[in-house]
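Scroll down for the structure; my scribbles are underneath it.
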Amino acid sequence: MTKWNVEEFCGYTPITTFWDDFSIADRFGKSAVQDTFNRAFAEWKSNYKYLTELAMVLNHKSWQHCETNETLSGLYVELYYKVYDYAVENLKPEEVRYFFEILD
């Protein structure tokens with residue numbers, strides 16, 4: 001399984017298992033990634049810090065697959081924008097500020 005080097009890359013310390021969860025789903029294809037997303041989003045969309053990390057993972061996964069698996073990369077982009085749109089429309093001002101500061 002590919003290690004998520006986000007801490008080395010930008011100093012962010014992960015607080016969830018989302019990277020590992022999606023790395024496992026990657027091995028089983030598009031439907032497994034979609035299922036993993038559906039469960040994570042349904043369970044954690046009300047937690048703005050988890051939602052932020054979910055967006056980070058989806059973004060990083062889209063880049064991880066962009067040259068080797070266009071189907072998965074495209075799905076990750078689609079899911080990222082679902083989280084992004086939800087955050088913009090539903091998070092409180094201080095939560096959306098956190099969302100953008102961490103993603104930036």
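Along the sequence shown, residues are numbered consecutively beginning with 1.
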Nearest-0.5 Å distance that lies between atom [atom1] in [X] and atom [atom2] in [Y]:
| X | Y | atom1 | atom2 | value |
| --- | --- | --- | --- | --- |
| Glu101 | Arg97 | CD | CZ | 7.0 Å |
| Lys45 | Leu51 | NZ | CG | 9.5 Å |
| Asp26 | Asp21 | CG | CG | 11.0 Å |
| Asn59 | Leu79 | CG | CG | 12.0 Å |

[Y] and [X] aromatic ring geometry - parallel, tilted or perpendicular at 30°/60° bounds:
| X | Y | value |
| --- | --- | --- |
| Tyr50 | Trp44 | tilted |
| Phe22 | Phe18 | perpendicular |
| His65 | Tyr76 | parallel |

Here's one to test your reading of the geometry: is the NZ or CZ of Lys61 within 45 degrees of the ring axis of Trp19 and under 6.0 Å from its centre?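 Yes - Lys61 lies over the ring of Trp19, closer than 6.0 Å to its centre and within 45° of its axis.
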Stacked cation flag Lys49 on Tyr98, 6.0 angstrom / 45 deg: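 Cation-pi check for Lys49 and Tyr98: passes.
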Please answer whether the main-chain N or O of [Y] pairs with a side-chain N or O of [X] as donor and acceptor at a distance below 3.5 Å.
| X | Y | value |
| --- | --- | --- |
| Ser73 | Ser62 | yes |
| Glu53 | Pro14 | no |
| Asn5 | Glu8 | no |

Joint hydrophobic cluster, [X] plus [Y], side-chain heavy atoms closer than 4.5 Å:
| X | Y | answer |
| --- | --- | --- |
| Ile24 | Trp4 | no |
| Ile102 | Ile15 | yes |
| Leu54 | Val88 | yes |
| Met56 | Tyr81 | yes |

Is it the case that more than 12 heavy atoms not belonging to [X] sit under 6.0 Å from its [atom1] atom?
| X | atom1 | result |
| --- | --- | --- |
| Tyr84 | OH | no |
| Glu94 | CD | yes |
| Phe28 | CZ | no |

With a 6.0 Å cut-off on the ring centroids, do Tyr80 and Phe37 count as close?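 Distance test on ring centres: not under 6.0 Å, no.
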Lys92 and Val96, any side-chain heavy atoms less than 4.5 Å apart: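 No, too far: nothing below the 4.5 Å cut-off.
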Please report the shortest heavy-atom distance between Leu58 and Val83, naming the atom on each side.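 Distance-wise, the nearest heavy atoms are CD1-CG2, 3.8 Å.
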Heavy-atom closest contact (Gly29 atom, Leu72 atom, distance):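 Minimum heavy-atom contact is C-CD2, 4.2 Å.
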